[in-house]
Amino acid sequence: MECAVRKRPLCVVAIFFIVWIWISGLAGFRLQTEAPGIGRTREILRELPYGTVVGTVESREVKEERVTLIVKDAYLVKPERKLAAGKIRIRCDEEVRCGSVIEARGDLDLPEKPENPGQYDFSEYDRLLGITATMNDPAIRTLGVRDGSVEEMLCRLRMRIYERIRRLYPEETAAVLGAVLIGNRSGLTDEERTLWRDAGVLHMLAISGLHLTLLGMWLFRVMFTLFTYLKTHRPEVPGGILTIGLMLFYTILTGMSVSALRAFLMLALLIGAKIFRRTYDTPTACAAAAVVILCGNPGYLMYSGFQLSFSAVLLFFIFKNRGQLMRAYLLWLWMIPLVLSIFYEIPLYSVPVNVLALPFLPFVLGLGFAGIIFGTHVPVFAMLAAALISFFRKMLSCAGSLPCASLICGSPPFPKILLYLVLLALWTWLSAKWRLYKRRFLILPLPVMLVVLLFVLKIPSGLEIDALSVGQGDSLLLTLPKGQEILIDGGSSSVRNVGQYRIIPFLKYSGVRRLDYVFATHLDEDHVSGIRELLRMVRDHQISMRVGCVAVPYLNAEAQGGGKEGDDSIAAYRELCELAKAAGARVLKVQKGDEIGIGNVTLRIRNPDTEAEEKPLDPNAQCIVVDLHYREFDALFCGDVCGAGEEQLIREVRKERKKDPYEYLKVAHHGSRFSTPEEFLKLIRPKVGIISCGKDNSYGHPHEELLERLRKSGTVIARTDQSGMLRFRTDGKKWTLDCTKGA
């Protein structure tokens, strides 16, 4: 018998095409295509980021009273010429119509590569969309309006549909239906997204292939029935052509995501097969869709939406003859490596939730559209749609309230993924063979055990210290030899939402399910803004991570009832303590002399010295300084200690007369000019000095005088602004230092 693959030549072409693109990417060739001149424009913007851009508003999205515009056919205005700029993203507070030709003047931010593992790569995503740069709050002037533009027509239609949804339905229901029906997710709160994500049904809140397939096949049946009733010869021909046209319009209207485009192409081939009376083959249609999408932009091969959409379709086809529950189980098992590589966590209850929820999706779509069309004239449709969404939310809330609704596992290494897939393939073959003999139940739990052994269990070795790149701020993650996790600071004054976009993604990437200790060395924003975000998300159950204890400096000013009106530092101190308690963490107030023993690691608190506390309070002087000892290894984490705190620290180190040098020093105050004096360096003789600071920061950190002092002391200098995240590993004797990117 001829091989199944040889019967599908287009599948072979698609496989070779995908492999060629993948190898090209590994070889360093850029996969995204760009308009001529964009590279030159980027070089100019790196040297002079301020500029004036002129272009046409292609789309507009409003979220939390902020407007995001995508400006197409943009060009950068220079005195001597105009430079092509592709698409520009503009965030502002102004209402600008789609189709408007605008002039925007302000700073242009170029997308940068991620500087921490787990951090989302916005640079590649923007390249994928053709976006060259982003402007925040520029001065905008409208030069004209193209009233008859397609962009304006589609934008107005989307806005009208969404406004009608908001008038007909309660706020929470309207937000869900806006996402499900027209792809407008601006009304969704973070809590709502978390609810659907943890249940493993976040794909239902997007215009996915499932939506388009359901709508397209329903519409085709309606059209076929209509033309049959009209006694049209071969009713599938006009019915199919109308269906393809309407679904193409709907795909464009809803944003034409990769999964929606894949579904439309496959639907068009399915209907085309019926029109021309040919056989439809799912793998061939899938291959054709992949080739069309990748010819348009090869960069989609590395896009998570492309990978998830095509993987799910192919797996569904492979297991189409299995029962519904078994098919869902197999899909969940085979998708785990891809899901972990993208999201770093597994929704544990996604199989039963999807089995229960997916049959209701056609009714949600049908009732939702019927409610929009008939409105208040036939309110029963809107009432039923609202009731169904309410039922969905209650079901998802029940699933989310179960223990370990989502399990953080981290990013799995490739050898583990390969081993898992080989063993899973063997198990899949055995389960298909044994089900004929009713012995399958004996091996059903085996893949779950495999997931636990390969992805859930962590085998720590030695001590690891990761200094995250958070811009102008501090954040360090300590992974101890027995697996305990400690976060020392987490904040930034130059990166917005640093917790959400840098710290928490890295924690998930690293597989951190519980932070045993979180040290807030002092309450400056560049040290605690991300910690606040983390605690709020834990409190609101937006992440499955837990925090055991939050350590803050003991302050006499707070203990004696200070912090009256106007004392912002004490007010912020108390706010953080209350937030920690609300997140289920214990608050620990530490001072000089306190010790924390965790296995063979000892953490000794060297500051704050409560006896030397000044009035008015100097938060930096009372900053927590942590001294870590592990076998023959010593590290000192100095936070922002300065002034009286640093003088007290020098006196204490001098008194000890420590013979062995410190291997690791977190340099105080981001490398400011007067921190870390020469006398202090002579006493501790650090082998490695880690400086956490933002690129081109306004403070001039690290200062050249400080760098010269470190060089004279023989210290190896490593900086997050130059090298990205810095990873230090030691077994207590030998050590290594790695960075995310080259200095």
Side-chain angles (χ1 to χ4, degrees), residues 410 457-468 474-490 503 506-507 510-521 527 531 534 545-554 580 585-608 623-639 641 649 652-653 656 658-668 683-690 692 718 725-738:
L457 292 181
K458 295 175 65 179
I459 305 174
S461 58
L463 173 70
E464 186 174 293
I465 305 172
D466 296 318
L468 278 65
D474 264 8
S475 188
L476 297 102
L477 177 69
L478 280 60
T479 302
L480 305 191
K482 293 191 176 181
Q484 295 88 350
E485 310 278 2
I486 298 173
L487 184 70
I488 299 180
D489 284 329
I503 298 173
F506 174 73
L507 295 177
S510 303
V512 177
R513 292 187 280 271
R514 173 186 166 87
L515 286 167
D516 296 274
Y517 288 90
V518 174
F519 283 86
T521 60
H527 288 253
I531 291 177
L534 171 66
M545 202 176 298
R546 294 293 174 262
V547 177
C549 182
V550 175
V552 295
Y554 183 93
R586 185 167 61 95
V587 176
L588 182 64
K589 298 178 180 180
V590 300
Q591 58 182 303
K592 186 183 77 170
D594 292 342
E595 284 193 6
I596 301 172
I598 307 174
N600 52 359
V601 175
T602 302
L603 301 176
R604 186 159 47 132
I605 308 301
R606 288 188 173 272
N607 202 60
C623 167
I624 295 176
V625 175
V626 180
D627 190 327
L628 180 147
H629 177 74
Y630 167 54
R631 299 175 68 181
E632 299 175 15
F633 172 82
D634 292 286
L636 196 61
F637 307 98
C638 293
V641 69
L649 181 62
E652 188 174 342
V653 174
E656 286 183 359
K658 188 175 182 295
K659 293 182 180 180
D660 297 325
Y662 279 81
E663 281 74 21
Y664 187 102
L665 170 67
K666 206 297 290 184
V667 178
L683 290 170
I684 66 171
R685 293 159 291 151
K687 293 183 179 179
V688 174
I690 302 296
S692 180
M725 191 204 77
L726 301 164
R727 172 162 289 170
F728 188 97
R729 292 190 181 98
T730 179
D731 60 0
K733 295 181 179 179
K734 298 179 181 179
W735 56 268
T736 58
L737 177 64
D738 302 308

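Every heavy atom of this structure was used, including side-chain atoms; hydrogens, water molecules and symmetry mates were not.
Counting non-hydrogen atoms of other residues, nucleotides and ligands closer than 6.0 Å to NZ of K733 gives a total of 12 or fewer. Crowding of R546 atom CZ: a count of heavy atoms from other residues, nucleotides or ligands under 6.0 Å exceeding 12.
Residues D516 and L480 are not in side-chain contact: their nearest non-hydrogen atoms beyond the backbone lie 4.5 Å or more apart. Inter-residue side-chain proximity for L628 and L463 is flagged as met; some heavy-atom pair is nearer than 4.5 Å. Between T479 and S510, the closest side-chain pair of non-hydrogen atoms is not below 4.5 Å. A heavy-atom distance below 4.5 Å is not found between the side chains of P661 and I684. Side-chain atoms of E485 and L507, non-hydrogen and from C-beta on, never get closer than 4.5 Å to each other. You'll find the side chain of L534 reaches within 4.5 Å of the side chain of L515, heavy atoms only. Between E595 and T602, the closest side-chain pair of non-hydrogen atoms falls below 4.5 Å. Side chains of P686 and L636 form no contact here, defined as non-hydrogen atoms less than 4.5 Å apart.
How far OH of Y554 is from CD1 of I605: 15.5 Å, rounded to the nearest 0.5 Å. Rounding to the nearest 0.5 angstrom, the gap separating the CZ atom in R685 from the CD atom in E663 is 10.0 Å. For the atom pair CD1 (I531) and CD1 (I503), the distance works out to 7.0 Å, reported to the nearest 0.5 Å. Rounding to the nearest 0.5 Å places CG of D738 at 9.0 Å from CD of E464. Note that the CG atom of D634 and the NE2 atom of H629 stand 5.5 Å from one another [nearest 0.5 Å]. Remark: Y517 OH to L588 CG distance equals 7.0 Å, nearest 0.5 Å.
Nearest heavy atom pair, residue V601 against residue P481, reads CG2-CD, 3.6 Å. Closest heavy-atom contact between Y630 and G462: OH-CA, 3.9 Å. Shortest non-hydrogen contact noted between R631 and D731 is NH1-O, 2.7 Å. Between K592 and R606 the shortest heavy-atom distance is CG-O, 3.5 Å. Between D474 and G639, the shortest heavy-atom contact is OD2-O, 4.2 Å. The shortest heavy-atom contact between C638 and A668 is CB-CB, 3.8 Å.
Between R604 and E656, at least one side-chain N (NZ, or NE/NH1/NH2) sits under 4.0 Å from a carboxylate O, which counts as a salt bridge.
The side-chain contact (heavy atoms from CB on, under 4.5 Å) test with L603 singles out one residue from D627, I488, I486, and that residue is I486. Test V667, D489, L476 against F637 for side-chain contact (heavy atoms from CB on, under 4.5 Å) and you get one pass: L476.
Ring orientation note: the planes of W735 and F728 are close to parallel, at an angle under 30° on the 30°/60° scale.
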Yes or no on side chain to side chain contact (heavy atoms under 4.5 Å, CB included) for I598 and K482, after CA distance, side-chain angles and deciding distance?
-> CA-CA 9 Å; I598 307 174; K482 293 191 176 181; over 6 Å; no
Take Y664 and T730 through the test side chain to side chain contact (heavy atoms under 4.5 Å, CB included) and record every step on the way to the result.
-> CA-CA 11 Å; Y664 187 102; T730 179; over 6 Å; no
